[in-house]
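Below: one structure in structure tokens.
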Amino acid sequence: MRLFNNLLAVFMVVLACRGQETEKVTFDGVDYQTIGANLEVSNVLTDTEMTMKFDKMAAKDTLRTKFKATVTDVCKVKGCWMKLKLDDGQEAMVRFKDYGFFYAK
């Protein structure tokens, strides 16, 4: 029984240490490495278009969209937050929950 428990523990450690599968994607001539589910690269807004959408929103409104912007700051904890630079110099804060995205300006 002790041998079985030791083998089970070793198997679990090996399984837990397995690396994530990655895939390379090319967007605008730049190669990116993706981890996790694929993100469809269509109907992507620019940072200028996103700034205009944010300006029209009221407080506590939500918006489901995709936009391309420069990442200015990130949380080092897995699944935490990041800040994206908008066209007018402001930043959009993207919060992650269960590996989903939640935006706040």
Side-chain angles (χ1 to χ4, degrees):
M1 187 67 170
R2 179 180 249 177
L3 177 64
F4 175 76
N5 288 340
N6 288 340
L7 287 175
L8 183 62
V10 169
F11 176 72
M12 290 176 61
V13 168
V14 169
L15 187 63
C17 293
R18 187 182 61 159
Q20 287 185 322
E21 296 179 20
T22 62
E23 181 180 329
K24 288 193 177 184
V25 175
T26 302
F27 182 70
D28 287 344
V30 179
D31 290 332
Y32 295 95
Q33 181 179 6
T34 63
I35 299 174
N38 288 333
L39 180 65
E40 185 64 35
V41 188
S42 62
N43 300 326
V44 177
L45 302 176
T46 64
D47 56 348
T48 304
E49 294 168 325
M50 197 65 220
T51 300
M52 289 188 296
K53 283 196 176 283
F54 270 136
D55 290 340
K56 294 176 184 175
M57 292 175 64
K60 302 213 178 194
D61 277 353
T62 60
L63 179 64
R64 291 188 65 138
T65 188
K66 295 179 271 186
F67 71 100
K68 180 180 176 183
T70 303
V71 177
T72 59
D73 197 14
V74 296
C75 174
K76 302 292 184 193
V77 178
K78 181 178 179 182
C80 193
W81 57 264
M82 70 179 166
K83 291 184 180 179
L84 303 170
K85 181 180 174 186
L86 295 176
D87 184 49
D88 60 356
Q90 294 185 12
E91 292 181 327
M93 178 174 266
V94 179
R95 297 175 191 226
F96 303 94
K97 180 178 179 183
D98 297 331
Y99 303 103
F101 303 102
F102 297 88
Y103 307 102
K105 184 174 177 187

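These figures come from a predicted structure and were not determined experimentally. The first residue in the sequence is number 1, and the count goes up from there.
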Pairwise distance NZ(K56) to CE(M52) - rounded to 0.5 angstrom: 6.5 Å
For N43, does the CG atom sit with more than 12 other heavy atoms under 6.0 Å from it, leaving out its own atoms? no
Rounded to the nearest 0.5 Å, what separates atom CG in D73 from atom CE in M82? 11.5 Å
In the hydrophobic clustering that connects Ile, Leu, Val, Met, Phe, Trp and Tyr at side-chain heavy-atom distances below 4.5 Å, which members other than L3 occupy its cluster, ordered by chain and number? L7
Nearest 0.5 Å, please: how far is CG in D47 from CG in L84? 9.5 Å
Consider only side-chain heavy atoms of I, L, V, M, F, W and Y, link residues closer than 4.5 Å, and tell whether V74 and V94 are in one cluster. yes
Separation between CZ of F67 and CG of L86, rounded to the nearest 0.5 Å: 5.5 Å
Which atom of K68 lies closest to which atom of V44, heavy atoms considered: N-CG1, 3.7 Å
Roughly how far, to the nearest 0.5 Å, is the OG1 atom of T51 from the CD atom of E49? 10.0 Å
Point-to-point distance, once rounded to the nearest 0.5 Å, from NZ of K85 to CD of Q90: 12.5 Å
